[in-house]
Amino acid sequence: MSSLIPLKTSKREMALPSTSVPMSPFPLHLLPSSDPPYKLLQNHPSLSLLSKCRTVQTLKQVHSHIIKTGLHHTQFALSKLIEFCALSPFGDLPYALLLFESIDEPNQVIWNTMIRGFSLSSSPGLALEFYVKMIWSGIVPNSYTFPFVLKSCAKTASTQEGRQIHGQVLKLGLDSDAFVHTSLINMYAQNGELANARLVFDKSHLRDAVSYTALITGYVLIGYMENARKLFDEIPMRDVVSWNAMIAGYAQTGQREEALAFFEEMIRANVVPNESTLVSVLSACAQSGSLELGKWVRSWINEHGLGSNLHLANALIDMYSKCGYLDTAFDLFEGLQQRDVISWNVMIGGYTHRSYYKEALGLFRRMLRSNIEPSDVTFLSVLPACATLGALDLGKWIHAYIDKNFQNSTNVSLWTSLIDMYAKCGSIEAAQQVFNGMEHKNLASWNAMISGLAMHGVADKALELFSQMTGGGLKPDDITFVGVLSACTHAGLLGLGRQYFSSMVQDYAISPDLQHYGCMVNLLGRAGLFDEAEALIQNMEMKPDGAIWGSLLGACRVHKRVELGESVAQRLFELEPENPGPYVLLSNIYAGAGRWDDVARIRTLLNNKGMRKVPGCSSIEVDSVVHEFLVSDKVHPRCKEIYDMLNEVDTLLDKAGFVPDTSEVIRDMDEEWKEGALSHHSEKLAIAFGLISTKPGTTIRIVKNLRVCGNCHSATKLISKIFNREIIARDRNRFHHFKDGFCSCKDYW
DNA sequence: GTAGGGTTAG
């Protein structure tokens, strides 16, 4: 790199006078090529037209006008034209470049303008390239050049180049310029080199609110809010941006209360907030659910005539949706005069955040129909919705879109979301492919892949990945161990589970949380080691939750431990009085023991409490449309065909010698359940629909909200063989891959 | 003789 950025200090040759003499009503061309008097040019009508341009079309018209009047022979006019093209939101950087290349010997201002344009563009690295070219062409950079070049170094994380440019600043003695000085601090701060930023700051007497704030922002970036706070207290003259940096810093580091307290103090100090302030404050409100303050900010915005500000409208939509007021958020959204991609993103993200996944996908489809380009952030909200709903087709479409338009994205979360989506939609191979193709993986990427393999019951691969990851020097976190332990749980690997659990505590100093204990209780309970499971629960640092007792209760069902089941269920009744699950599970335990009187007693209990079993619901995506089925559902448009297929399935199952296992049915629960029992379970309806609506041999993927029942599990194994179909089912806990009469869970789930 | 630094929602 050292040879790439030369610094010539020799003076360039004078430009030759122009020889062409075009016709013009404004006889500027008669003047020599060194520009005519500044005043004459500054107020030239063609140039004042520029500021009125709103499209590239009119821009080109103004350009031709400039040519007609002969103004294009002056560097001043060209520089104004380039300035507009390179910097205005209505400009066109490639056009600026074209203009630039048509100039024989661009002057310093023109070079600086091009560098600035690039530094603000989506490829700020080009600013640095232009800077090098400028020096090679013999132009000496000045105090205007460096802020732009340093900005580009900050944006492209070019630390090496930044240091070199710092050297050149010193050589030219420009470090005493306030703008250059702050830009240096900012460059180091943005590149995480706080020591260097501090050095530049400390060595100089140039300390204004701007340079303080640049340094503060550096500390904010690495989450050192205390250092930021210290500096803030030192600033002799704080301005609104200094306050904003602190408020944004607290909001971004999750210290919402601090952010809001700073805002209130700012108001008390009579500093008038601006758009940035309010955006950060609304973000803090959104995070902490402070609807009241959010409403106050909204009225402040309206009182100050900022109601039509799009940034603020977007922040308000976000605030309302995160506070749970999705309807209000949507009314804001619908009422907007204009929406940008962020408006769509916050609204879609709001739906996902509040678990309204179907609404999120619906709005995403509307966004595409409205010809709005989605961004990577859009997909970070849409992919989890696909994952939850099992919308694999849409997920695949998004993957293709990302491959086409975000191929070079350095957003690791984007690819990680794809892994998660594929894993949760049942396509663990595709998840693995995305994972393998990732050049840069972070902890979350490994976690997503390990948990994905775990939920598919591919324990050996999950554990292999874990050793690969730790072998590569990456430190696992609590989430990694949830994946690892659940891999052991789903495969019934008790010994290994124990080993990983103690390794987590001893080798990685991670204290187990409820999820880790849940895995261990599950493993121990399923192995019939009830004493050990209970001892573990007794020794937990925290109060066991419903999931822990629930998993023990599940084990009681498997091992037919009626008495223990009764006492565990009792705890659950107290812990989660509104949850019908434990009642259903206990009645299953009674049913398994043939204690029908007790089954009836539970039924009465449930009825008296007005509780109902959560209805089983299965969905299947066919041609990008998600179809949902409840138990005994008769509302699907192809209902008749589905039930015909169901009859055929039952006949074939019967022929194959299938004996329904009724031990888990809650007998006589009520008429509705009786009718729906077994044959009309929602997963069977979804499978039947899959059989009639997809080509023979196509894999059928279904998603169920509850655990698959034993009877359906046995039936589905046989269906996969009879119809020669691979059936991939996601239940509440894990995946089952049914093929040739077998299931990947090896009947352990 | 044109211009320039620090804060902003998902």
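The sequence lines fix the lettering, A, B, ..., with proteins before strands; numbering per chain opens at 1.
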Exercise. Going by modelled atom types, is there a donor-acceptor pair between the base of dG4(B) and the side chain of Ser143(A) at under 3.5 Å?
Worked result: yes

Problem set entry | N/O (side chain, Gln75(A)) to phosphate O (OP1/OP2, dG1(B)) under 4.0 Å | no

Problem set entry | Length of the line joining Tyr320(A):OH and dA9(B):C1', which is rounded to integer Å | 16 Å

Problem set entry | Base dG5(B) to side chain Thr213(A), donor-acceptor N/O within 3.5 Å cut-off | no

Problem set entry | Among dT7(B), dG4(B), dA9(B), the nucleotide that comes nearest once only the side chain of Phe148(A) is considered | dG4(B)

For this session: Just jot down the side chain to side chain contact (heavy atoms under 4.5 Å, CB included) partners of Ala259(A), sequence neighbours excluded, or say none.
Result: Ile247(A), Tyr250(A), Ala251(A), Ala284(A)

Exercise. Under 6.0 Å between the ring centres of Phe263(A) and Trp243(A)?
Worked result: no

For this session: Classify the ring geometry between Tyr351(A) and Phe330(A) as parallel (under 30°), tilted (30 to 60°) or perpendicular (over 60°).
Result: tilted

Problem set entry | Whole angstrom value for the distance that separates P of dA3(B) from CZ of Phe130(A) | 21 Å

Exercise. Across the strands shown, which category fits Leu282(A) at heavy-atom distances under 4.0 angstrom: base, sugar-phosphate, nothing?
Worked result: nothing

Exercise. Thr277(A) near the nucleic acid: base, sugar-phosphate alone, or nothing, with a heavy-atom cut-off under 4.0 Å?
Worked result: nothing

Exercise. Do His166(A) and Tyr188(A) come close enough that some side-chain heavy atom pair is under 4.5 Å?
Worked result: yes

For this session: Say whether, by atom type as modelled, one donor and one acceptor occur between the side chain of Gln108(A) and the main chain of Val140(A) under 3.5 angstrom.
Result: yes

Exercise. Any idea which of dT2(B), dG5(B), dT8(B) is nearest the Phe76(A) side chain?
Worked result: dT2(B)

Problem set entry | Distance-only donor-acceptor check, side chains Asn314(A) and Asp340(A), under 3.5 Å | yes

Exercise. What nucleic acid atoms does Gln287(A) come within less than 4.0 Å of, heavy atoms only: base, sugar-phosphate, or nothing?
Worked result: nothing

Exercise. Any side-chain donor paired with an acceptor under 3.5 Å for Ser381(A) and Thr352(A)?
Worked result: no

For this session: Have a look at Ser381(A) and say if it touches a base, only the backbone sugar-phosphate, or nothing, with a 4.0 Å heavy-atom cut-off.
Result: nothing

Exercise. Does the aromatic ring of Phe179(A) sit over the six-membered base ring of dG5(B), closer than 5.5 Å centre to centre and tilted less than 30°?
Worked result: no

Problem set entry | OP1 or OP2 of dA9(B) under 4.0 Å from side-chain N/O of Lys322(A) | no

Problem set entry | Residue that, paired with Trp344(A), satisfies side chain to side chain contact (heavy atoms under 4.5 Å, CB included) out of Leu368(A), Ile372(A), Thr378(A) | Ile372(A)

Exercise. Quick one: Asp177(A) CG to dA3(B) C1', roughly how many Å, whole number?
Worked result: 12 Å

Problem set entry | Base of dG6(B) paired with side chain of Asp239(A) (donor-acceptor, under 3.5 Å) | yes

Exercise. Separation of Phe262(A) atom CZ from dT8(B) atom P, in whole Å?
Worked result: 15 Å

Exercise. Val279(A) has a side chain; which of dG4(B), dT8(B), dA3(B) sits nearest to it?
Worked result: dT8(B)

Exercise. Any idea which of dT7(B), dG4(B), dT8(B) is nearest the Ser280(A) side chain?
Worked result: dT8(B)

For this session: Output the residues of residues 110-120 of chain A in contact with DNA chain B, where contact means a heavy atom of the residue under 4.0 Å from an atom of the strand; sort by number or write none.
Result: Asn112(A), Arg116(A)

Seminar exercise, completed: Quick note, Ala178(A) side chain, CB onward, closest among dT2(B), dG6(B), dG5(B) is dG5(B)

Problem set entry | Donor-acceptor pair present, Ser79(A) side chain and dT2(B) base, under 3.5 Å | yes

Exercise. Judged by atom type as modelled, is there a donor-acceptor pair below 3.5 Å linking the side chain of Arg207(A) to the main-chain atoms of Tyr212(A)?
Worked result: no

Seminar exercise, completed: What residues 191-210 of chain A contributes to the DNA chain B interface at heavy-atom separation below 4.0 Å is Asp208(A), Ala209(A), Val210(A)

Exercise. When the ring centroid of Tyr144(A) is compared with that of Phe179(A), is the distance short of 6.0 Å?
Worked result: no

Exercise. Between dA3(B), dT8(B), dT7(B), which nucleotide has the shortest distance from any of its atoms to the side chain of Val109(A)?
Worked result: dA3(B)

For this session: Scan side-chain atoms only and decide if Ser183(A) and Asn186(A) contain a donor-acceptor pair under the 3.5 Å cut-off.
Result: no

Exercise. What nucleic acid atoms does Thr145(A) come within less than 4.0 Å of, heavy atoms only: base, sugar-phosphate, or nothing?
Worked result: nothing

For this session: Look at the rings of Phe118(A) and Phe130(A) and say which category their plane angle falls in: under 30° parallel, 30 to 60° tilted, over 60° perpendicular.
Result: tilted

For this session: Name the nucleic acid region contacted by Val346(A), choosing base, sugar-phosphate or nothing; use a 4.0 angstrom heavy-atom cut-off, strictly under.
Result: sugar-phosphate

Problem set entry | Separation of dG4(B) P from Asn186(A) CG (nearest whole Å) | 16 Å

For this session: Could you check how far CG of Leu215(A) sits from P of dT7(B), rounded to whole Å?
Result: 12 Å

Problem set entry | Atom-pair distance (NE2 on His166(A); C1' on dG5(B)), nearest Å | 15 Å

Exercise. Ala248(A) side chain: which of dT8(B), dA9(B), dG5(B) is closest?
Worked result: dT8(B)

Exercise. Among dG6(B), dA3(B), dG5(B), which is the nearest nucleotide to the side chain of Lys151(A)?
Worked result: dG6(B)

Problem set entry | Distance, rounded to the nearest Å, where Gln108(A) contributes CD and dG4(B) contributes C1' | 12 Å

Problem set entry | Ala245(A) side chain, from C-beta outward: closest of dG5(B), dT7(B), dA3(B) | dT7(B)

